[in-house]
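So the structure is just underneath, and the comments pick up after that.
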Amino acid sequence: MSSEPRPPATPPRLSVAPALRRLAGVTLASAALVVAGGTAAVAAPGTDASAPPRTTNGPCAYTETPDEPAARPVPLPPDPRRTPDRGTVRVTLRTNQGPIGLTLDREQAPCTVQSFLHLARHKFYDRTPCHRLTAYPTLKVLQCGDPSGTGEGGPGYRYADELPTDLPPAPTDPTGVRRLYARGTLAMANAGPDTNGSQFFLVQADSALRPNYTVFGSVDAAGLATLDRIAAAGIAPTPEDPAPVDGAPAQPVEICEVARRH
């Protein structure tokens, strides 16, 4: 997404934030969601730096990223031969700004849902900030999922896209290239093809993006009310930009816990 107004950014995976610029290159021209690239990693003591990255054997093929180590220790997700691909799972992001209920859709993106639930079980998302808020005319999202809060952190692994094929054309894009990521959409940030990790974004208002971001669920009505309050508070100004449309939320947002609902 290098020709769009950067939406959510994350380390080499779709991200929403200043790190957005590498979020896969979603530029501000039409919004971009990129995960900022990571920094070079030093091999941990006792590890073989020359060994190839480990990849799980199942259909999701989660692959270690030694050059982009985990922002918080977490193992590779389980990868059963028969990945659950039916039904939905409901979870709540309990944030300091209010609850954000999510419905995860296994049929839309089974590997993504499996990874998200794995990270939630390991408390990867607990006590982590949502580092990026955008207010472009065609891109209004909140980006979360990086424990470091920089837009550069991830889980230490990546996996392939599960891209949507049924998104309608964005009415704001006369070229027909961008698609409508509607209000309430839950999607993954990335830094290019097949670089999904832990960063995700919540669409607060209809946004126009290239269909390069995996959609894996939706935000409920109470969650949208929380997003509206966060968006209404605006984006934190900086000395360089006193009225930014992309940056840290003016009211800091922290995911205190991700709880599964039954």
Side-chain angles (χ1 to χ4, degrees), residues 1-37 105 107-109 111-112 130-146 151-152 158-197 199-219 224 227-228 230-232 234-235 240-241 243-249:
M1 300 192 95
S2 47
S3 63
E4 316 183 55
R6 304 165 182 165
T10 352
R13 282 152 227 134
L14 167 48
S15 66
V16 181
L20 261 191
R21 302 165 188 172
R22 303 190 57 180
L23 173 234
V26 177
T27 69
L28 288 180
S30 79
L33 299 171
V34 180
V35 176
D105 190 335
E107 185 173 359
Q108 270 191 310
C111 293
T112 301
C130 290
H131 61 277
R132 182 187 183 194
L133 181 67
T134 66
Y136 299 111
T138 58
L139 179 64
K140 299 181 186 298
V141 304
L142 176 68
Q143 189 170 325
C144 314
D146 170 15
E152 306 246 343
R158 60 176 170 76
Y159 59 96
D161 296 322
E162 297 174 291
L163 299 179
T165 59
D166 58 352
L167 297 179
T172 57
D173 181 13
T175 70
V177 172
R178 294 177 180 78
R179 298 294 179 210
L180 176 66
Y181 279 69
R183 171 173 164 84
T185 296
L186 170 66
M188 291 299 294
N190 62 52
D194 303 326
T195 58
N196 299 290
Q199 291 190 46
F200 59 92
F201 60 99
L202 311 161
V203 182
Q204 185 260 334
D206 289 358
S207 297
L209 290 167
R210 294 175 185 273
N212 297 342
Y213 305 97
T214 296
V215 173
F216 67 106
S218 59
V219 183
L224 288 172
L227 287 180
D228 289 343
I230 293 169
I235 297 166
E240 300 75 24
D241 189 350
V245 292
D246 189 340

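If you're wondering where the values come from, they're calculated on a predicted model, not measured in any experiment.
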Dump the intermediate steps for side chain to side chain contact (heavy atoms under 4.5 Å, CB included) on Leu224 and Gln204, then the final yes or no.
CA-CA 7 Å; Leu224 288 172; Gln204 185 260 334; over 6 Å; no
Holding to side chain to side chain donor-acceptor pair (under 3.5 Å), I want the full list of residues that pass it with Asp173, two or more places apart in sequence or in another chain.
Thr175
Got Pro169 and Leu180 here, is their nearest side-chain heavy-atom distance under 4.5 Å?
no
Sorted by chain and residue number, the salt bridge (Lys or Arg N to Asp or Glu O under 4.0 Å) partners of Arg183 (sequence neighbours excluded) come out as Asp228
Could you check whether any side-chain N or O of Asp194 sits under 3.5 Å from a backbone N or O of Tyr159, counting only pairs where one atom can act as donor and the other as acceptor?
no
OG1-CZ distance between Thr165 and Arg179, expressed to the nearest 0.5 angstrom:
10.5 Å
Who are the salt bridge (Lys or Arg N to Asp or Glu O under 4.0 Å) partners of Asp105, not counting sequence neighbours?
none
Judged by atom type as modelled, is there a donor-acceptor pair below 3.5 Å linking the side chain of Asn196 to the main-chain atoms of Ala160?
yes
With sequence neighbours left out, the residues meeting side chain to side chain contact (heavy atoms under 4.5 Å, CB included) with Pro244 are Ile235, Pro237, Asp241
Nearest-0.5 Å distance that lies between atom CZ in Arg210 and atom CG in Leu163:
13.5 Å
Which pair of non-hydrogen atoms, one from Asp146 and one from Gly151, has the smallest distance, and what is that distance?
OD2-N, 2.6 Å
Of all the heavy-atom pairs spanning Cys144 and Leu202, show the shortest one and how long it is.
SG-CD1, 4.5 Å
Measure the shortest side-chain to side-chain distance between Val245 and Thr134 over non-hydrogen atoms and say whether it is less than 4.5 angstrom.
no
Before giving the answer on side chain to side chain contact (heavy atoms under 4.5 Å, CB included), spell out for Val141 and Ser207 the whole-Å C-alpha distance, their side-chain angles and the decisive distance to 0.1 Å.
CA-CA 8 Å; Val141 304; Ser207 297; 4.2 Å; yes
Who passes side chain to side chain donor-acceptor pair (under 3.5 Å) against Gln108, sequence neighbours left out?
none
I want to check something: taking the side chain as every heavy atom from C-beta on, are Leu186 and Ser218 in contact at a cut-off of under 4.5 Å?
no
Sorted by chain and number, sequence neighbours left out, side chain to side chain donor-acceptor pair (under 3.5 Å) with Thr112 holds for Glu162
Measuring from Leu209:CG to Leu139:CG, what's the distance to the nearest 0.5 Å?
5.5 Å
If every non-hydrogen atom of Gly234 is compared with every non-hydrogen atom of Leu133, which pair is closest and at what distance?
O-CD2, 3.5 Å
Aromatic ring pairing Tyr181/Phe201, orientation class (parallel under 30°, perpendicular over 60°, tilted between)
tilted
Rounded to the nearest 0.5 Å, how far apart are SG of Cys130 and CZ of Phe200?
6.0 Å
If every non-hydrogen atom of Val215 is compared with every non-hydrogen atom of Ala109, which pair is closest and at what distance?
O-CB, 3.7 Å
